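Structure first, commentary second.
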Protein chains: 2
Amino acid sequence: MTGSTPRAEERPRLNRDAIVATAAELADGHGLRQVSLSAVARAVGVRVPSLYSHLQGTTDLMAGLTALALTELADRGDRALAGRSGRDALVALADVHRNYAREHPGRFEAAGALDVPVTDVLQAAGARVAEQTAAVLRGYPVSEEEQVHAVRLVASVLRGFVELEAGGAFGHRRPSSGESWTRVIDALDGTLRSWSSIGPT
Amino acid sequence: MTGSTPRAEERPRLNRDAIVATAAELADGHGLRQVSLSAVARAVGVRVPSLYSHLQGTTDLMAGLTALALTELADRGDRALAGRSGRDALVALADVHRNYAREHPGRFEAAGALDVPVTDVLQAAGARVAEQTAAVLRGYPVSEEEQVHAVRLVASVLRGFVELEAGGAFGHRRPSSGESWTRVIDALDGTLRSWSSIGPT
DNA sequence: GTAGATTCCCTAACATCTTTAGGCAAAATC
DNA sequence: GATTTTGCCTAAAGATGTTAGGGAATCTAC
């Protein structure tokens, strides 16, 4: 009788979004690798099998995490790009990604997971992020047919730098990675400004 | 009596290197995620606890995999850079990384694992790879103090592109990612050639 | 308002994987 | 040839993922 746990009032209800949100907190705090159904169940205060009422298993949880991260990233990108163009836009978008990775390392890792089943939500968020890069390029002399290559370049630089920095690959050596970040974005800006002269030989 | 398994002659002996090599094969074939002590033990024909005579557990196995991959990458880099300089060297080093990722996706993934305990072998291999990038930069007008930034740029571009391509992020859309690769390396070459004009404002 | 359907969480059970403890036989050492 | 060492084994325990099925609270419909 002592076990008359009145959880009903302290815990409003459980749903897929709440579970994924908890997983996101865990990922940011302890690393994506530590996210498991067990850990999430402990965190939300239910038994593991109960989670199966809301999602289909580990894979589904990871897909939800990836979709959440990409959506948040896309939302920040939209806000950052509003009213900006050219170099300003490039810097703003790049900083969005870098700052997101710093604030939410676990989610950012999830956003980069490329082995997750593609859902419609995920596809949509991914498309938004890609479109933002394309939008930035409109401020540079990049032709329609060259755009794909430029988009891939920007994506590569952003992902590579942010990932290496987050992983500690740049150590804490002098000069700081922040200085390198400025140089890298400068270099990218320069490349894009003179893109038309790179064109197909 | 029927169980007089004469394994001794068909299986020479087991050691750490052989175990890690088997793990590398599994990683390339089925993905790094699928590599486990169980899978490796099955593949080499022993029981799981037997592996503990040769390595300390899962973490140690992963560290071994990372060290193996980085060492192989460094070996290829040395061979590719011999006798080359400037743009030739840049293209050669970049292709080494891209081709290694295509030939050995699992090992490449392991090479990029940034959450593995740093051993001396691993540290040495990592240093060799970093030194190769620095060597390439000697063919460009990059000052001593600017070198760090340029190294970080090159590392970011390579890692970002190769990872995105390996993950299928560039899809199979036209134009092919191979074309983008050429453009990206061209752009990188151009940036490095004019690096001296980027310098600190 | 109450009967029935649905929802949501539970326990039980099983498979897989990691790790530790301890045994046994072959190989190496003296 | 006796002893120590080596390398593999079985046994066992703990963690995780998944499925099956039960029971109570909530919702729906008369």
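Letters go in sequence order (proteins before strands), and every chain restarts at 1. This one's a predicted model, so the numbers in the text were calculated from it and none came from an experiment.
Taking side-chain N and O atoms only, Thr58(A) has no distance below 4.0 Å to OP1 or OP2 of dT16(D). For the pair His54(B) and dT6(D), the criterion of a side-chain N or O lying under 4.0 Å from OP1 or OP2 is not met. The side chain of Arg33(B) places no N or O atom within less than 4.0 Å of a non-bridging phosphate oxygen (OP1 or OP2) of dC17(C). Side-chain N/O atoms of Arg47(A) include none lying less than 4.0 angstrom from OP1 or OP2 on dT19(D).
Residue Ser50(B) is in base contact, counting any heavy-atom pair closer than 4.0 Å across all strands shown. If you check every strand for non-hydrogen atoms under 4.0 Å, Ser53(B) touches a base.
As a whole-Å value, the separation of Leu26(B) CG from dC17(C) P is 12 Å. In this structure, CZ of Arg16(B) is placed 19 Å from C1' of dC8(D), rounded to the nearest angstrom. Atom CG in Leu55(B) sits about 12 Å away from atom P in dT20(C), given to the nearest Å. dA15(C) atom C1' lies 15 Å from atom CG of Leu37(A), rounded to whole Å. Rounding to whole angstrom units, CE of residue Met62(A) and C1' of dG17(D) are separated by 12 Å. With rounding to whole Å, Leu51(A) atom CG is found 9 Å from dC10(C) atom P. dT18(C) atom P lies 13 Å from atom CG of Asp60(B), rounded to whole Å. Atom CD1 of Ile19(A) and atom P of dC8(C) are 11 Å apart (whole Å).
Place Arg42(A) and Pro49(A) on DNA chain D by their nearest nucleotides, and Arg42(A) ends up nearer the 5' end.
Arg193(B) has a carboxylate O that lies under 4.0 Å from a charged side-chain N of Asp189(B), or vice versa, which qualifies the two as a salt bridge. No salt bridge links Glu165(B) with Arg159(B); every basic N to acidic carboxylate O contact stays at or beyond 4.0 Å. Glu109(B) and Arg33(B) are not joined by a salt bridge, as no carboxylate oxygen comes within less than 4.0 angstrom of a charged side-chain nitrogen.
For the pair Val184(B)/His149(A), no side-chain contact is recorded, criterion being any heavy-atom separation below 4.5 Å from C-beta on.
Although no hydrogens or angles enter the test, the distance criterion places a donor-acceptor pair under 3.5 Å between the side chain of Asp28(A) and the main chain of Arg107(A).
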